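Before any comments, here is the structure.
In this text the structure is predicted, and so the values were computed from the model without any measurement. In what follows, chains are A, B, ... by sequence order, proteins preceding strands, each numbered from 1.
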Amino acid sequence: MAETLSRPQNLREWLAFVLVWGAAGLVTAVFCWLLGDIVWHGIGHVSWTFLTAPPENAGRQGGIGPILASTSLILGVCLAVSLPIGIGTAVLLAEFTSDQSLFGRITRRSLDILAGVPSIVFGLFGNAFFCKMLGLGFSILSGGLTLACMVLPVLIRSTEEGFRAVPASYRLSAAALGLSRTTTLIHLLLPAAVPGLLVGLVLGVGRAIAETAALIFTSGYVDRMPESLLDSGRALSIHIFDLSMNVSGGDTNAYASALILVIMLLAINGTVSWLATYGLHRKIMTV
Amino acid sequence: MTSLSNNTLSRWSTDELLCWSLRGIATIAGTIVMLIVVFLIVEALPVLHHVGLLRFFTDPSWHPAEGLYNLTPMLWGTLFAMTGSVLIATPLGILSAVFCHYYAPSVLARPYRRLIELLAGVPSVVYGFWGLVVLVPLIAEIQPPGPSLLAGILILTIMILPTIALMADASLANVPQQYLRGAAALGLPRWATIRGVVFPAVRSGLFTGVILETGRAIGETMAILMVCGNVVQIPSTIFDPIRTLTANIALEMAYAIGDHRAALFVSGLVLLAMIVALVVSAEWVSRGRMYG
């Protein structure tokens with residue numbers, strides 16, 4: 001085929017080939033550089049003591065024990081609030097409203113906008129609403145609630161997909177058997193939609209763990225072990241930020257914390273793609 | 001999609017109950033955006049009242065303590081960083097997707113796609129940290145001081161690249177097979193097919209991707225805060241430090257009170273307005289009105 005091409009055409013093809021491979025190579029190289037750098041500098045400091053010990057000397061020495069505890073508490077609050085709301089909304093959008101209804105359209109549109117709202121704006125909102133107006137102050141509760149608002153769109157989107165992937169025959173057969181819609185939902189649709197729900201859950205957790213900007217003015221900086229949900233607690237991402245920006249000589253511990261954070265997120269991403277490829281697939285295939 | 005619409009003859013009162021409680025829940029989810037807008041406006045009102053909107057653009061400088069609230073340098077900072085990174089990330093991202101679909105052998109295409117997905121999941125604070133310890137010293141060697149618009153653009157580029165790459169990848173996967181076969185039957189070589197047949201077919205998908213990445217670039221806070229130097233000024237070269245709207249909020253919120261705090265909420269409103277404009281235009285494009 002190549003010999004039928006005119007010369008400039010040939011040159012253009014060759015150039016495109018180089019460009020495309022070059023772009024892919026560049027992206028791969030940057031990725032390896034980034035990840036390699038974090039692993040290389042961080043791996044030496046990660047140990048069981050590092051994971052459990054409290055930070056000392058503003059985080060230059062010691063570990064990240066209380067910070068991991070705060071992070072999981074914030075995450076727990078976030079999920080406890082966002083899961084019921086997210087699943088409820090997804091069920092309503094997928095099963096109980098038609099695509100054309102006004103209510104569904106408005107809800108979907110506002111969720112689309114919510115998904116694009118910058119995290120720092122969530123931080124402003126959380127600070128004004130949860131910390132000041134509801135009087136929760138800088139606390140794990142405020143942080144978790146702010147994050148819950150943030151992860152809702154992600155959660156709802158994939159849960160809705162999960163429900164839409166359930167074949168219509170399920171609903172029709174259940175209706176033919178005279179089952180109430182509540183029964184159909186709880187016993188048929190919900191179990192069948194679990195893979196979509198899990199993908200949403202894991203994506204939401206990923207977004208919540210990675211978040212920094214929304215948490216600075218809501219959950220705060222305090223790096224002690226939190227005693228209640230109304231205590232201020234420092235999330236892992238904020239710890240990295242603080243160590244690298246405000247604490248001179250905090251780089252080694254920042255590297256180790258970054259490595260922990262990246263490992264957590266890689267695990268989460270791995271779970272998502274595993275679920276998306278195998279979980280969802282198998283569910284649909286067994287029908 | 002057989003949705004069980006509301007007028008199905010249902011004899012069950014539990015269904016009624018379920019439906020209404022779900023509506024209640026969905027209303028909560030749907031009103032969060034409204035709440036955010038309302039709270040931003042309420043918190044911003046005092047300063048809008050005292051100072052007026054115009055002075056945010058005409059004041060001589062940004063010195064909130066002295067009552068001077070000029071947001072323009074930060075607006076320019078955001079715009080420069082956004083434009084630069086979108087200009088670099090868009091071609092790279094699209095070429096990445098093209099690589100996955102038409103150039104890479106299948107052994108490479110799958111891991112490469114996985115790598116882009118991983119890149120999308122790395123938290124912004126890790127990008128920022130890497131930029132701070134690796135990229136900024138490198139730039140400082142070329143041209144001091146190091147923390148600069150250039151560093152911001154490069155970090156943002158890496159961060160938004162997965163967005164456009166994954167979006168383009170999804171669009172390319174939807175190109176009808178007969179287009180490609182048609183092109184092959186005409187004897188078109190690979191790049192000519194991609195440029196002449198594939199790209200026009202996926203135009204709106206690519207455009208949506210660009211809009212999404214732009215939104216991400218505008219909203220990014222931590223990474224850009226860590227590498228940009230945060231000097232309030234309109235940069236004259238790409239080696240000058242800048243401060244973006246988002247970084248400004250993150251930096252000053254901790255100690256801002258009174259009108260200063262309200263001014264930060266005004267910049268939050270400006271950011272939100274930019275994002276809403278982008279979402280609306282994305283919707284416009286995806287409905288196909290853009291190309292008639």
Side-chain angles (χ1 to χ4, degrees), chain A residues 1 4-5 12-13 16 19-21 23-24 27-28 30-31 34 37 85 88-89 91-92 95-96 98 106-107 110 112-114 116-121 124-125 128-129 149 152 164 168 171-172 180-182 206 210 212-213 216-217 237 240-241 244-245 251 254 258 261-262 265-266 269 273, chain B residues 1-5 10 12 14-15 18-19 22-23 25-26 28-30 32-33 36 39-40 43 92 95-96 98-99 103 112 115 117-119 121-126 129-130 132-134 158 161 187 189-191 215 218-219 221-222 226 246 249-250 253 265 268 271-272 275-276 278-279:
Chain A
M1 190 165 82
T4 63
L5 298 173
R12 203 179 289 162
E13 286 294 319
L19 266 180
V20 169
W21 276 89
V27 173
T28 316
V30 169
F31 179 78
L34 193 149
D37 187 63
I85 299 183
T89 311
V91 168
L92 185 88
E95 302 291 331
F96 288 86
S98 69
I106 294 180
T107 313
S110 65
D112 281 349
I113 296 180
L114 196 64
V117 171
S119 52
I120 188 78
V121 173
L124 283 177
F125 163 71
F129 185 57
C149 301
L152 262 184
R164 285 179 191 279
R171 299 175 187 86
L172 297 177
S180 77
R181 279 198 263 157
T182 319
T212 321
I216 305 184
F217 319 120
S237 49
I240 299 170
F241 170 68
S244 55
M245 288 295 281
D251 276 3
L261 190 57
V262 168
L265 280 154
L266 292 191
N269 267 9
S273 41
Chain B
M1 178 70 223
T2 16
S3 94
L4 305 173
S5 70
S10 170
W12 306 90
T14 47
D15 288 357
L18 176 75
C19 198
L22 287 180
R23 274 196 198 143
I25 290 174
I28 299 179
I32 293 176
V33 167
I36 292 180
F39 266 87
L40 288 186
E43 295 278 336
L92 270 181
L95 286 180
S96 277
V98 166
F99 174 77
Y103 282 83
Y112 187 75
L115 182 140
E117 284 169 13
L118 289 182
L119 218 48
V122 174
S124 58
V125 71
V126 172
F129 178 59
W130 179 75
L132 188 68
V133 291
V134 175
I158 306 174
L161 190 132
R190 196 151 41 176
W191 181 249
I218 293 177
T221 312
M222 296 331 271
M226 291 164 90
T246 48
I249 300 175
M253 188 62 190
F265 278 85
L271 282 171
L272 198 61
I275 296 298
V276 171
L278 281 175
V279 171

Check your understanding: Which is it for B:V122 and A:L265 under the side-chain contact (heavy atoms from CB on, under 4.5 Å) test, yes or no, and what are the steps along the way?
Key -> CA-CA 7 Å; B:V122 174; A:L265 280 154; over 6 Å; no

**Study point:** Trace of the side-chain contact (heavy atoms from CB on, under 4.5 Å) decision for B:I36 with A:L114
**Key:** CA-CA 9 Å; B:I36 292 180; A:L114 196 64; 3.8 Å; yes

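Annotation for B:W130 and A:L34: closest pair NE1-CA, 3.6 Å, computed over non-hydrogen atoms. Across B:Y112 and A:A23, no two heavy atoms sit closer than the pair OH-O, 4.3 Å. Considering all non-hydrogen atoms of both residues, A:S110 and B:G30 come closest at OG-O, 3.2 Å. When every heavy atom of A:E13 is checked against every heavy atom of B:R190, the shortest pair comes out as OE1-N, 3.4 Å. Of all heavy-atom pairs between A:S119 and B:T221, the closest is OG-OG1, 4.3 Å.
Residue B:I158 touches chain A through its side chain alone, counting heavy-atom pairs closer than 4.5 Å. Within the 4.5 angstrom heavy-atom criterion, atoms from both the backbone and the side chain of A:D251 approach chain B. The parts of A:F129 that come within reach of chain B are both its backbone and its side chain, each placing non-hydrogen atoms under 4.5 angstrom from that chain. Contact of A:I216 with chain B is made through the side chain alone, with heavy-atom distances under 4.5 Å. Only the side chain of B:E43 comes within contact range of chain A, with heavy atoms under 4.5 Å apart. At a 4.5 Å heavy-atom cutoff, the contact between B:L119 and chain A is made by backbone and side-chain atoms alike.
Here A:A254 is the residue among A:G206, A:A258, A:A254 with the most heavy-atom pairs under 4.5 Å with chain B. Ranked by heavy-atom pairs under 4.5 Å with chain B, the list A:V121, A:V91, A:T212 is led by A:T212.
How far CG of A:L124 is from OG1 of B:T246: 10.5 Å, rounded to the nearest 0.5 Å.
Checked against A:I113 for a side chain to side chain contact (heavy atoms under 4.5 Å, CB included), the options B:L278, B:I32, B:V33 give a single hit: B:V33.
Judged purely by atom type and a 3.5 angstrom limit, B:D15 has no side-chain atom pairing as donor or acceptor with the backbone of A:S180.
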